[in-house]
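One structure is given below, encoded as structure tokens.
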Amino acid sequence: MISPAEFTEAVSAFASGVVLVTVRDGRDDIGTTVTAFASVSLEPPMVLVSIGAESYLNEVLHRQDRWAATVVGADQRALAGRFAAEGRPSARLLLASVPHHRGPRSDALIVEGGPAALECETRQRVTAGDHVLFIAEVLAVDYADPAPQPLIRVSGRYR
């Protein structure tokens with residue numbers, strides 16, 4: 001059997017895009033940085049995101065089906081770090097000085113200036129080890145801008 005450290009080292013060699021997942025939960029806004037995000041289907045347009053089963057975001061995504069995914073730009077590295085920090089405050093506070101808006105379909109906070117942002121609605125939840133896969137239909141492309149370079153994470157570092 002492989003150790004968690006061995007597995008982490010092996011999969012960290014795989015370059016991943018960086019995405020902010022945000023969701024509105026009543027009067028609060030929750031968000032986190034993820035690298036386990038992928039396109040699943042073209043017809044209908046679907047994506048998936050992997051969220052830690054013990055996380056508060058997992059709990060919220062079991063209550064709220066609609067959420068947003070913002071692809072983080074290379075110049076938004078600090079923002080990705082803020083959303084990845086332990087004990088982070090509300091997403092509204094993390095975005096206080098950053099251009100953003102609410103998605104009209106999800107009501108989730110969407111950061112402006114990245115390569116793309118999607119509004120999604122969960123269609124299926126799959127428990128996978130210590131994570132839950134949220135498979136969602138893309139309700140809308142909030143924006144897609146080919147100009148900004150995406151932020152990439154590889155070997156445990158942003159690039």
Side-chain angles (χ1 to χ4, degrees), residues 4 8 11-12 16-41 44-145 148 150-153 156-158:
T8 300
V11 297
S12 74
S16 299
V18 180
V19 173
L20 296 181
V21 173
T22 53
V23 61
R24 185 169 195 169
D25 186 32
R27 294 179 4 184
D28 200 7
D29 292 284
I30 312 302
T32 196
T33 302
V34 300
T35 55
F37 182 87
S39 169
V40 173
S41 168
M46 298 184 88
V47 295
L48 74 75
V49 64
S50 178
I51 303 292
E54 298 297 318
S55 71
Y56 182 58
L57 182 59
N58 174 56
E59 180 184 321
V60 172
L61 288 174
H62 273 83
R63 290 194 304 266
Q64 305 294 336
D65 287 334
R66 291 191 175 194
W67 45 277
T70 303
V71 179
V72 179
D75 64 343
Q76 297 172 315
R77 181 181 192 159
L79 186 62
R82 279 188 257 162
F83 272 83
E86 289 289 323
R88 64 191 165 275
S90 166
R92 265 186 309 224
L93 295 174
L94 293 173
L95 294 176
S97 63
V98 176
H100 66 280
H101 63 274
R102 285 207 182 272
R105 303 289 298 272
S106 64
D107 207 28
L109 296 175
I110 296 174
V111 177
E112 297 170 9
L118 308 170
E119 291 189 272
C120 306
E121 184 169 14
T122 300
R123 298 289 186 226
Q124 188 176 0
R125 294 168 180 88
V126 178
T127 300
D130 60 359
H131 278 64
V132 176
L133 305 178
F134 291 86
I135 302 168
E137 184 172 346
V138 177
L139 302 175
V141 174
D142 189 79
Y143 67 84
D145 183 353
L151 182 63
I152 303 296
R153 186 166 173 89
R157 302 180 71 169
Y158 293 129

Just how far is it from atom [atom1] of [X] to atom [atom2] of [Y], taken to the nearest 0.5 Å?
X: R102; Y: R92; atom1: CZ; atom2: CZ; result: 6.0 Å
X: L20; Y: T22; atom1: CG; atom2: OG1; result: 7.5 Å
X: T122; Y: L48; atom1: OG1; atom2: CG; result: 11.0 Å
X: R82; Y: R77; atom1: CZ; atom2: CZ; result: 14.0 Å
X: L109; Y: D29; atom1: CG; atom2: CG; result: 4.0 Å
X: E121; Y: Q64; atom1: CD; atom2: CD; result: 11.0 Å

Kindly indicate, with the supporting measurements, whether the criterion side-chain contact (heavy atoms from CB on, under 4.5 Å) is fulfilled by W67 and V49.
CA-CA 11 Å; W67 45 277; V49 64; 3.8 Å; yes
With distance as the sole test, does [X] use its side chain to make a donor-acceptor pair with the main-chain N or O of [Y] at under 3.5 Å?
X: R66; Y: R105; result: yes
X: E119; Y: A140; result: no
X: H100; Y: L95; result: yes
X: R88; Y: G31; result: yes
X: R24; Y: D107; result: no
X: S12; Y: G156; result: no

If we check side-chain contact (heavy atoms from CB on, under 4.5 Å) with L118, which of these qualifies: I110, V138, L139?
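Of all the options given, the one that passes is V138.
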Could you check I51 against L61 for side-chain contact (heavy atoms from CB on, under 4.5 Å), going step by step and ending with a plain yes or no?
CA-CA 9 Å; I51 303 292; L61 288 174; 4.1 Å; yes
Would you sort out whether C120 and V47 count as a side-chain contact (heavy atoms from CB on, under 4.5 Å), showing the intermediate values?
CA-CA 8 Å; C120 306; V47 295; 3.9 Å; yes
Charged N to carboxylate O below 4.0 Å: is that the case for D25 and R63?
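Yes, D25 and R63 are salt-bridged.
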Looking at side-chain heavy atoms only, is the closest gap between I135 and M46 below 4.5 Å?
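In contact.
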Side chains of F83 and V21: does their closest heavy-atom pair fall under 4.5 Å?
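A side-chain contact is absent here, since even the closest heavy-atom pair is not under 4.5 Å.
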Both conditions, 6.0 Å and 45 degrees, for the charged tip of R153 above the ring of Y158: are they met here?
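Yes, R153 and Y158 form such a contact.
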Run the side-chain contact (heavy atoms from CB on, under 4.5 Å) check on D142 and H101 step by step: do they pass?
CA-CA 10 Å; D142 189 79; H101 63 274; 2.8 Å; yes
